Amino acid sequence: MENLSDRGGPAQPLLIAKDLRKHFKVKGGAPGATVRAVDGVSFTIHKGETLGIVGESGCGKSTLARLLLHLIEPDSGELVFDGDPVGEMRGISVNALRRQVQMVFQDSASSLNPRMPVRDSIAFGPHVHGKTKAESSRIARDVLVKVGLKPDLFGPRYPHELSGGQKQRVNIARALAIEPRMVILDEAVSALDKSVEAQVLNLLRALKENFNLTYLFISHDLSVVRYISDRVLVMYLGAVVELGPVNEIFSRPKHPYTVALLASRPSMDPANRIEEPPLTGDPPSPIDPPSGCRFRTRCQFAETVCAEVQPVLGQWNDRDSHIAACHMRDPASGHSRATEVN
Amino acid sequence: MSSPLVEVQDLNVRFVTRESTAHAVNGVTFSVQPGEVLCILGESGSGKSVTLRALMRLLPANKARISGSIKVDGQDVLALDAAGLSRLRGGLVSMIFQEPMTALDPVYTIGDQIVETIRRHKGGTKAAARARALELLELVKIPSAAQRLDNYPHELSGGLRQRAMIAMALSCGPRLLLADEPTTALDATVQIQVLILLRKLQADLGMGTIFVTHDLGVASEIADRIAVMYAGRIIEEGPVADILANPLHPYTRGLMASTVHGQSRDRDIDAIPGSPPDLRQLPPGCAFAPRCAQASGDCLTAPPEPRYPAPGRMARCVQVSAKTPEFA
Amino acid sequence: MSNAMTLPQHPAKEQAAPKQRGYWGSVLYRLRYDPVTVFFGCVVLAIILAAIFAPVLAPFDPYKESIIGRLKPMGWKGHLLGTDELGRDLLSRLLYGGQVSLLMGVVPVAIATVIGGTLGVIGGFGGRRVNTAIMRTMDVFYAFPSVLLAVAISGAMGGGAANGMIALSMVFTPAMCRVAETATAQVKNLDFVEAARATGAGTLTILRYHILGNVLGPVFIYASSLVSVGILLASGLSFLGLGVKPPTADWGLMLSTLRQSIYINPAICALPGVAILIASVSFNLLSDGIRSAMDVRL
């Protein structure tokens with residue numbers, strides 16, 4: 001493979017996403033009804049960091065992951081990988097992007113080809129990128145060792161002969177086999193038992209250090225995101241509501257939705273159980289979401305301005321900035337609490 | 001002490017196929033008092049759901065071999081005939097599931113399903129049953145309940161569906177509620193709502209509840225007592241606060257250490273190595289021994305007998321110092 | 001990459017791997033323990049061997065007529081199963097007839113599997129337009145009852161074994177195509193195919209490595225169940241005079257010509273029908289057994 005090393009230098013963010021948008025038509029729905037799966041999402045990922053994305057089902061986090069790899073074609077928006085625009089004449093092709101960014105899916109019955117021994121599933125990627133069969137199987141053996149599975153014991157097995165944790169190690173091995181610079185982990189530990197989840201999280205941390213990887217870690221589990229991420233992006237109904245360094249988000253959340261998410265975590269203390277739910281009701285449907293601020297239908301601070309004007313996420317200045325898309329954070333918005341909260 | 005609502009003695013469940021025999025539940029003994037919430041905590045394959053289904057005889061009769069004794073409100077569940085079983089299910093005992101979409105019938109409205117359940121068990125007119133159904137939907141705090149009665153399951157959001165299933169389970173005033181991971185598929189903000197609702201309903205209606213979950217956090221919110229299962233055995237049991245504060249069995253300790261909850265970001269999580277044993281070929285000794293750092297020769301010969309180190313506490317581990325067995 | 005890297009250790013004493021049979025090994029294993037399937041598998045094997053070795057096994061020349069030995073009962077002068085309306089040995093004719101009937105049953109299915117399977121995979125994996133073009137064309141054929149379609153096509157082309165097979169192939173292709181299309185569309189949306197796309201693999205590579213292996217199973221199962229239908233339809237065509245021409249031995253044709261003698265020697269006349277029944281039922285049950293053995297969620 002050609003040299004895929006750092007081109008833009010350490011200051012150049014590894015990936016910049018600008019205003020990504022994807023709307024799906026609703027099959028059999030009212031004419032014109034669209035699911036606004038991802039609706040104007042922008043962020044950057046710096047080299048060597050882990051960006052966590054949290055949100056509930058239907059917030060668009062999995063669609064976002066697929067947009068980043070062009071597995072789903074975005075309606076609009078721009079991707080810049082290490083300084084090179086993706087899919088443009090002066091930039092890099094989608095295929096070149098896919099060689100440098102890999103994805104690990106949630107462990108499920110369908111995450112591995114049931115008719116293939118896992119070593120062939122792993123060798124597939126290198127083979128596609130022009131390695132010979134022999135080289136590919138050598139790489140497959142190497143990465144199996146890296147994810148902590150004995151190649152002779154596990155390589156010839158079929159997916160149904162593996163436990164959930166072992167399958168997820170194979171999924172990680174498959175992603176690492178083509179030596180990517182960035183790995184997107186889409187709910188990669190969510191289906192695992194807790195004791196196995198911890199093993200896989202440790203493995204992910206070790207791999208990241210050893211191979212200078214950059215992670216995009218998508219999960220609905222706040223505790224896990226807190227443990228593994230450097231920065232966190234909170235999504236709600238297709239839009240970013242808050243973005244900031246992990247400690248800031250968890251100790252001083254700025255958006256009422258983030259506050260509620262954090263307060264919804266079980267107490268782990270039978271003496272201090274949660275008495276009142278922080279939020280009522282379910283997240284609304286992403287088909288024709290609420291006007292203005294999407295969270296206003298569940299927000300206890302909602303006012304007229306929230307229905308009329310969509311709050312914008314502030315500009316980030318550097319990787320330490322902590323921003324939220326909420327009128328209460330904007331003194332000029334006209335929200336009655338705008339001044340006292342800041 | 002009042003007589004227990006549920007008494008399970010030495011329950012064994014094996015799944016027999018031509019190729020192998022899986023020992024899903026191995027000598028499980030526990031009891032539940034009226035109005036008490038017992039959480040059965042365990043990972044996949046621990047036998048927690050199988051135990052729950054055995055209580056209602058919901059396991060496929062041609063594959064599952066059940067032995068031992070199960071008594072619910074004095075009735076021997078394993079000896080019931082078909083008529084007795086159908087009186088038991090939905091009447092004395094009802095169950096809520098993880099995925100309401102598959103547990104509710106998609107071609108009937110929520111209202112029709114509740115009305116049908118009420119009339120099957122209690123009889124009465126359609127109008128009376130419908131009025132009761134409306135009450136139930138209001139009880140589980142479904143907004144604009146009157147309209148929701150005429151909704152089909154797919155027209156409801158995940159949280160509302162789960163509430164509707166709880167309403168249906170409560171329709172005949174059960175004395176025992178069985179819950180199989182009812183909040184696992186829900187989003188975090190919805191999960192806590194349903195947990196709080198269940199806790200309130202359980203306290204108000206005084207139902208005995210067996211709540212199966214893999215999540216320590218969920219157990220800490222709802223349980224009175226916790227029974228931890230591993231490889232088909234209850235390996236530790238006790239009041240929820242005691243277990244969370246002072247777990248005795250190495251597996252329980254490992255599970256708590258590996259549950260990510262505000263650990264330092266700079267260190268590895270103390271994960272339990274390895275994976276649970278194959279239920280088709282269980283080791284002769286303690287099933288956790290192959291993954292246990294403190295395992296010694298004693299652990300490999302026979303499964304440890306229960307020890308009772310403190311009132312209400314039980315652990316099956318040779319490391320736990322035994323005091324005089326407590327009389328239940 | 002160095003070996004000195006620190007990875008979390010897991011002293012997990014790996015459990016002995018479950019018996020490693022691979023997929024087809026496990027299918028065979030399950031088949032072995034299914035007595036019904038094993039029995040009918042043996043019957044099918046016997047029918048095939050009998051047809052192949054007909055020249056060796058047949059006690060008489062199947063075309064040798066005899067004016068005096070017509071419609072004789074079973075056992076007459078060494079004719080184990082008697083003779084037909086032209087005095088030919090019925091056992092020999094049944095053995096030779098098996099060759100034609102099996103061929104007429106299997107070849108069209110094979111042709112339909114290749115053509116229909118290919119079209120189905122293309123339709124299932126291709127875009128919406130490709131899919132619509134292929135599947136709507138197939139639907140046109142689907143609209144006719146299969147027997148009627150077979151009769152119409154082979155009637156239009158004139159009789160004969162070759163035309164009969166072409167007609168049957170055309171009857172089976174749409175069904176085969178639909179099965180392949182459904183299977184492909186299902187596999188196409190699974191995570192591992194998306195993962196393969198994410199590694200940068202092209203369409204053809206993904207088809208070859210990830211789709212085909214998963215589509216062949218259902219296609220093969222369906223094909224095996226079509227063989228019995230093929231035997232029945234082929235016999236039907238011959239019975240109607242649209243398949244092979246006399247004096248060729250063929251079960252359907254034999255049934256047709258013996259039909260006139262049903263009042264003289266009913267047992268003899270029924271024999272070709274019995275052969276068709278046994279062959280068709282055996283193929284059908286064998287295919288059912290294979291299906292349930294292959295139908296394990298992995």
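Note that the structure is a prediction, hence the values are computed from the model and not measured. Chain identifiers are assigned alphabetically (A, B, ...) following the order of the sequence lines, protein sequences preceding nucleic acid strands; residue numbering begins at 1 within each chain.
- Applying the ring-ring contact (aromatic ring centres under 6.0 Å, His included) rule to pairs touching residues 162-187 of chain A yields nothing, sequence neighbours excluded.
- The most heavy-atom pairs under 4.5 Å with chain C, out of A/Met103, A/His70, A/Arg174, come from A/Arg174.
- Remark: A/Phe24 CZ is packed, more than 12 non-hydrogen atoms of other residues, nucleotides or ligands lying under 6.0 Å away.
- Per-residue heavy-atom pair counts under 4.5 Å with chain C were compared for A/Asn95, A/Val128, A/Leu71, A/Leu69, and the maximum is reached by A/Leu71.
- Residues of residues 125-139 of chain C lying within less than 4.5 angstrom of chain A, judged on heavy atoms, are absent.
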What pairs of donor and acceptor atoms, side-chain ones from residues 36-45 of chain C against any protein atom, are under 3.5 angstrom apart with sequence neighbours left out?
unit_1  : atom_1 : unit_2  : atom_2 : d
C/Thr37 : OG1    : C/Asp34 : OD2    : 2.7

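- Separation of atoms CZ (A/Arg66) and CD (C/Glu194) is listed at 4.5 Å; rounding is to 0.5 Å.
- Identified by a heavy-atom distance below 4.5 Å to chain A, the contributing residues of residues 195-215 of chain C are C/Ala195, C/Ala196, C/Arg197, C/Ala198, C/Thr199, C/Gly200, C/Ala201, C/Thr205, C/Tyr209, C/His210, C/Gly213, C/Asn214, in residue-number order.
- The neighbour count for C/Tyr142 OH, taken as heavy atoms of other residues, nucleotides or ligands under 6.0 Å away, is above 12.
- Between C/Leu190 and A/Ser110 the shortest heavy-atom distance is CD2-CB, 3.6 Å.
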